[in-house]
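Beneath this line is the structure, given in structure tokens, with notes to follow.
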Amino acid sequence: AASQFQKEISMGTDFSFDEYYETMVRLFAFALKLDFDDETITSYIHRSNVIASKIIREHPNLTDPEKYLFNKEVFKTSPIHELLDL
């Protein structure tokens, strides 16, 4: 179901972010055999938004992918440093 949903989106089916997010939460809840009634899904979404907001507040560097996806400091003492021309 998730694969077909992604395929529909890639073929141009227009979903808002909220519709997409809710559908993905429902698909994961279904796949994990969790409750997926409207009230429970709303609760899952609210709780995940609270958790994500807290993580971003506590670790603001996560909003800058350059800092965590490619940390040049990691390579300073390795041959990779020269290969990547850092």
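Just the heavy atoms: all of them, side chains too, but no hydrogens, waters or symmetry mates, feed the values below.
Side-chain contact check for T23 versus F28: every heavy-atom pair is 4.5 Å or farther apart. At a threshold of 4.5 Å between non-hydrogen side-chain atoms, the residues L34 and Y44 count as touching.
For the pairing with V50, the side-chain contact (heavy atoms from CB on, under 4.5 Å) check across R47, K54, H46 returns one residue only, H46.
Residues meeting the side chain to side chain donor-acceptor pair (under 3.5 Å) test with S16, sequence neighbours left out: E19. For H59, the side-chain contact (heavy atoms from CB on, under 4.5 Å) partners at least two apart in sequence or on another chain are I55, N61, L62.
Formation of a donor-acceptor pair under 3.5 Å by the D35 side chain with backbone atoms of D37 is not found in this model.
By the 30° and 60° cut-offs, the orientation of the rings of Y21 relative to F17 is parallel.
Contact record, I41 with A29: CD1-CB, 4.1 Å, taken as the closest heavy-atom pair. Considering all non-hydrogen atoms of both residues, V25 and I45 come closest at CG2-CG1, 4.0 Å. The two residues R26 and F36 come nearest to each other via the heavy atoms NH1-O, 2.8 Å.
Cluster membership check: M11 does not share its hydrophobic cluster with I9, using side-chain heavy-atom separations under 4.5 Å among Ile, Leu, Val, Met, Phe, Trp and Tyr.
Interatomic distance, L27 CG to E22 CD, rounded to the nearest 0.5 Å: 10.5 Å.
Environment of CD in E39: sparse, with no more than 12 heavy atoms of neighbouring residues, nucleotides or ligands closer than 6.0 Å.
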